[in-house]
There are 2 protein chains.
Amino acid sequence: MKYIEKLRNSGLRPTKQRLQICELLFDTEKTFHFTINELNQKIKDKIDNKISLATIYNTVHAFEKKGYLKQIPVNSNQTYFDTNITDHHHFYNLKDGKLIDLEKSDVGPINIKKKIDGKKIKSIEVLVKLED
Amino acid sequence: MKYIEKLRNSGLRPTKQRLQICELLFDTEKTFHFTINELNQKIKDKIDNKISLATIYNTVHAFEKKGYLKQIPVNSNQTYFDTNITDHHHFYNLKDGKLIDLEKSDVGPINIKKKIDGKKIKSIEVLVKLED
DNA sequence: CAGCTTTTTAGAACCATTATAAACTAGTCT
DNA sequence: AGACTAGTTTATAATGGTTCTAAAAAGCTG
């Protein structure tokens with residue numbers, strides 16, 4: 001299994017459930033955005049056994065902590081995650097709550113001129129809200 | 001009362017509670033960021049009577065809808081609002097969850113090269129996460 | 001396999017937010 | 001001013017995403 005190493009590398013034991021989650025998250029041609037709720041639905045659709053919500057939350061958060069998933073800052077009651085962990089940005093379609101990737105090259109360089117002493121910049125995220 | 005017109009202008013009747021909320025939100029030298037919880041606390045501290053949570057939510061959302069307040073997209077369990085409604089961005093201090101304003105001039109122009117047909121850009125928001 | 005630790009699970013708990021329905025208030029008309 | 005109507009406030013319940021818990025199950029080491 002190709003994800004065993006990835007999991008071990010993150011300090012996670014390769015359990016059946018985690019491997020199944022890995023397949024749904026990382027075994028795809030394209031990266032995608034999801035909420036826990038959507039992932040849970042996908043699990044129900046594509047996997048025979050059930051995986052409890054607690055496990056899904058635990059696993060997704062573990063991946064997020066290790067950098068295998070990114071959280072996307074959006075104003076929503078649900079948390080959005082992204083399997084695309086490259087440095088990029090997002091469109092947010094207000095009408096349906098869907099996200100669309102915006103490559104870094106589509107935005108151009110962002111130069112933060114203000115400095116906060118004692119602090120380092122961890123990430124710069126641009127959210128472009130779309131309306132009709 | 002200087003807020004009566006502002007409220008009427010937004011289609012809101014100038015009630016005692018709304019005027020009190022206006023004073024706390026807009027009668028300050030500096031703009032500031034807040035969560036509903038923090039605003040509720042401030043109301044308890046500075047106002048004799050109580051204002052129910054429902055009224056606070058309703059009023060804040062009405063102002064947000066009319067553009068007198070802005071919501072800030074952050075990954076948090078609580079919604080952050082900003083009384084600074086000028087076009088600007090934010091630092092987000094991961095350690096304490098506090099926000100710091102970033103003037104537009106501190107970020108430089110952002111040119112979104114990608115277009116989504118049938119959609120207009122409503123806003124562009126930059127969130128700069130800070131760590132130690 | 002035995003023993004120990006981690007993980008999974010269902011369900012409860014939590015907490016921000018939203019909905020509800022009754023009491024109240026503002027604005028208007030006479 | 002009195003009374004009517006529509007909008008508002010309030011306490012409380014409901015909702016829903018997320019986190020916690022404790023017991024059962026599975027992984028790992030020797």
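By convention in this document, chain letters (A, B, ...) are assigned in the order of the sequence lines, proteins followed by strands, and residues within each chain are numbered from 1.
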- Which ones in residues 40-55 of chain A lie close to DNA chain C, meaning a heavy atom under 4.0 Å from one of its atoms? Lys50(A), Ile51(A), Ser52(A), Ala54(A), Thr55(A)

- Any residue of residues 72-84 of chain B with a heavy atom less than 4.0 Å from an atom of DNA chain C: Asn77(B), Gln78(B), Thr79(B)

May I ask you to establish whether [X] and [Y] are in a cation-pi arrangement, using a distance under 6.0 Å from NZ or CZ to the six-membered ring centre and at most 45° from the ring axis?
| X | Y | value |
| --- | --- | --- |
| Lys42(B) | Phe32(B) | yes |
| Lys114(B) | Phe91(A) | no |
| Lys98(B) | Tyr92(B) | no |

- Query: Linking I/L/V/M/F/W/Y whenever any side-chain heavy atoms sit under 4.5 Å apart, do Val126(A) and Leu127(B) land together?
  - Reply: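 No: no chain of side-chain contacts under 4.5 Å links Val126(A) to Leu127(B).
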
- Apply side-chain contact (heavy atoms from CB on, under 4.5 Å) to Leu39(B) and Leu25(B), showing your working. CA-CA 9 Å; Leu39(B) 179 56; Leu25(B) 291 180; 3.9 Å; yes

Is [X] near enough to [N] that one of its side-chain N or O atoms lies under 4.0 angstrom from OP1 or OP2?
| X | N | result |
| --- | --- | --- |
| Tyr57(B) | dT17(C) | yes |
| Thr15(A) | dT8(C) | yes |
| Gln17(A) | dT9(C) | yes |
| Arg13(B) | dT9(D) | no |
| His61(B) | dT17(C) | no |
| Arg8(B) | dG27(C) | yes |

- Item | Lys16(B) or Ile36(B), whichever maps to the more 5' nucleotide of DNA chain C |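 It is Ile36(B), whose closest nucleotide lies nearer the 5' terminus.
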
- Message: Regarding Lys120(A) and Asp132(B), does a basic nitrogen lie under 4.0 Å from an acidic carboxylate oxygen?
- Response: no

- Message: Need the bend value for the helix from dC1(C)-dG30(D) to dT30(C)-dA1(D): angle between end axes, 5 pairs each end, nearest 10°.
- Response: 30°

- Gln20(B): which of Asp48(B), Ile43(B), Thr59(B), Ile51(B) passes side-chain contact (heavy atoms from CB on, under 4.5 Å): Ile51(B)

- Task: Taking the six-membered ring for Trp and the single ring otherwise, decide whether the centroids of Tyr68(A) and Phe81(A) are under 6.0 Å apart.
- Result: no

- Heavy-atom neighbours of Lys115(A) NZ exceed 12 at 6.0 Å: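 Yes - once you tally the heavy atoms of other residues, nucleotides and ligands closer than 6.0 Å, there are more than 12.
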
